[in-house]
Amino acid sequence: MTTLIINIKELLQVRKTAIAKVSGSEMAILPTIKNAFLIIKDNLIADFGSMDNLPKINADKTIDVTGKIILPSWCDSHTHIVYAGNREQEFVDRINGLTYEEIANRGGGILNSAKKLNESTEEEIYDQSKARLKEVMRLGTGAVEIKSGYGLTVDGELKMLRVIQRLAHNYPITIKATFLGAHAFPLEYKGNHQGYIDLIINEMLPEIAKNKLADFIDAFCETGYFTVDETKQIMEAGIRFGLKPKIHVNQFNSIGGIQAGIKYNALSVDHLEVMTTADINALKSTETMPVALPSCSYFLSIPYTPAREIIAAGLPLALATDYNPGSTPSGNMNFVVATACIKMKMTPEEAINAATINGAYAMGISETHGSITIGKKANLIITKPIPSYYQLPYAFGSNLIDAVLIEGEIFE
């Protein structure tokens, strides 16, 4: 099956040679071709270029997108899409003055979601989660990482990871699974942290490895959650079982979690709302991707990741949604890109790079996703007719997507 797309107003993120990520001042450069064509063969990008150089081709299907822009689909490297129920009441509690920590201390937060999840059947969780997955695909996401972490029991965590595996099997979107058993301490282990860590290491991880249920291991390294030393134990165990670390750090406090992640070659360090000069310097000359979650900052009214300082230090930056029931009940990457521009002062070029090629890097798929490159997956966003790609973050409340292609096919 060969599809030819013609008269593309502008084709964004074109990389003739595959790259892993962009960093520092390079993030401000977004290579494009105006008045372009794109050829898809089966589910891969086969060719692209200027309409002036359009080759003769017998395509099975031709799509004329006059006035429309095409870019790679979003790569959302940090989500918690698989969960049960919602936490609407906590949203109202925050409006009435309670803090995130106060809600957690009275049994809300992650523990509230864990209670709901463990009371739900696997089928119920799957049905709720697939609706969210389809929604984010229609919003332009073509690759997504999904974490466990709302089970906090052996059965609950395995149940979540099986749902993630099932979603990956049933939908064309690329899904990476992360084991986040170290999301919070269950109530019964509040006074016995090592007991829960032993449960993660001795009971959860062997089952996960045996059934190949996860790609990554994660921990919430934060005051009141997992200490740096506890996080190190969990990362070391995950590595022994073949999982690469990704880590929640610096959401509310800088406690040395970034340095711990770097020590274990974490693929990414995520959140980063609170950053010190030492944290930024530690990331230099590493292969670890900093990941910002601006819609979490928006929803919780907490600081935004200091993107300008990170980029000025020559570092890369990725953007992701943090889609979850408590602190970011949205998987809309278009809003993430807009918010990064509006609140973090990223340029549209930087934000698009952060949400495509750098997002792909942050989940280990930059060889197949994140740019318009021959041989990569034909996962694409076709916009409505718009004046320029600046319109994407500028008109932040408008749906500017005309169609989404996943593996070369329009996703309805």
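Predicted, not measured: the structure shown is a model, and the values here were computed from it. FYI, side chains are in, hydrogens and waters are out, and symmetry mates aren't considered; it's all heavy atoms of this structure.
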In sequence, state the C-alpha distance, the side-chain angles, and the governing distance for Arg166 and Lys130, and then conclude on side-chain contact (heavy atoms from CB on, under 4.5 Å).
CA-CA 10 Å; Arg166 190 171 161 195; Lys130 75 178 183 183; over 6 Å; no

Side chain proximity check, [X] to [Y], heavy atoms < 4.5 angstrom:
{"X": "Leu152", "Y": "Phe185", "answer": "no"}
{"X": "Asn379", "Y": "Leu405", "answer": "no"}
{"X": "Leu4", "Y": "Ile6", "answer": "yes"}
{"X": "Met235", "Y": "Lys263", "answer": "no"}
{"X": "Lys377", "Y": "Asn43", "answer": "yes"}
{"X": "Asn170", "Y": "Tyr126", "answer": "yes"}

In terms of side-chain heavy atoms, does [X] have a donor or acceptor partner in [Y] at a distance below 3.5 Å?
{"X": "Lys115", "Y": "Asn112", "result": "no"}
{"X": "Glu101", "Y": "Asn105", "result": "no"}
{"X": "Glu236", "Y": "Tyr264", "result": "yes"}
{"X": "Asn353", "Y": "Glu349", "result": "no"}
{"X": "Ser371", "Y": "Lys376", "result": "yes"}
{"X": "Asp229", "Y": "Thr227", "result": "no"}
{"X": "His78", "Y": "Asp322", "result": "yes"}

Got a donor-acceptor contact below 3.5 angstrom from the Thr276 side chain to the Asp279 backbone?
yes

Do any N or O atoms from the side chain of Lys246 and from the backbone of Ala362 form a donor-acceptor pair under 3.5 angstrom?
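Yes; at least one donor-acceptor contact below 3.5 Å.
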
In Å, rounded to the nearest 0.5 Å, how long is the span from [atom1] of [X] to [atom2] of [Y]?
{"X": "Ile5", "Y": "Lys61", "atom1": "CD1", "atom2": "NZ", "result": "8.5 Å"}
{"X": "Asp402", "Y": "Ile386", "atom1": "CG", "atom2": "CD1", "result": "10.5 Å"}
{"X": "Tyr304", "Y": "Glu273", "atom1": "OH", "atom2": "CD", "result": "10.0 Å"}

Which heavy atom of [X] sits nearest to which heavy atom of [Y], and what is that distance?
{"X": "Leu293", "Y": "Thr305", "result": "N-OG1, 4.3 Å"}
{"X": "Tyr189", "Y": "Gly195", "result": "CE2-C, 3.6 Å"}
{"X": "Val274", "Y": "Phe252", "result": "CG2-O, 3.6 Å"}
{"X": "Leu38", "Y": "Phe48", "result": "CD1-CB, 3.7 Å"}
{"X": "Ala320", "Y": "Val291", "result": "CB-CG1, 4.0 Å"}
{"X": "Ala282", "Y": "Ile262", "result": "O-CD1, 3.2 Å"}

Could you list the residues that satisfy side chain to side chain contact (heavy atoms under 4.5 Å, CB included) with Phe299, not counting sequence neighbours?
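Testing Phe299 for side chain to side chain contact (heavy atoms under 4.5 Å, CB included), a comparison that skips the adjacent residues, returns Phe91, Arg94, Pro329.
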
Check this for me, if you would: do Arg132 and Glu135 make a salt bridge, where the nitrogen-to-carboxylate-oxygen distance has to be below 4.0 angstrom?
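Answer for the salt bridge query: no.
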
Taking the basic N atoms (NZ, or NE/NH1/NH2) and the acidic carboxylate oxygens, is any pair closer than 4.0 Å for Lys116 and Glu124?
no

Would Thr174 and Thr368 satisfy side-chain contact (heavy atoms from CB on, under 4.5 Å), going step by step from the backbone distance to the final call?
CA-CA 10 Å; Thr174 296; Thr368 52; 6.0 Å; no

Return yes when atom CD of Glu88 has more than 12 non-hydrogen atoms of other residues, nucleotides or ligands closer than 6.0 Å, and no otherwise.
no

Excluding sequence neighbours, so at least two apart, what forms ring pair (Phe, Tyr, Trp, His ring centres under 6.0 Å) with Tyr225?
Phe220

Salt bridge (Lys or Arg N to Asp or Glu O under 4.0 Å) with Lys9: which residues, sequence neighbours excluded?
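By the salt bridge (Lys or Arg N to Asp or Glu O under 4.0 Å) rule, Lys9 matches no residue at all.
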
With Phe335, the ring pair (Phe, Tyr, Trp, His ring centres under 6.0 Å) member among Tyr323, Phe396, Tyr298:
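The residue from Tyr323, Phe396, Tyr298 that satisfies ring pair (Phe, Tyr, Trp, His ring centres under 6.0 Å) with Phe335 turns out to be Tyr298.
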
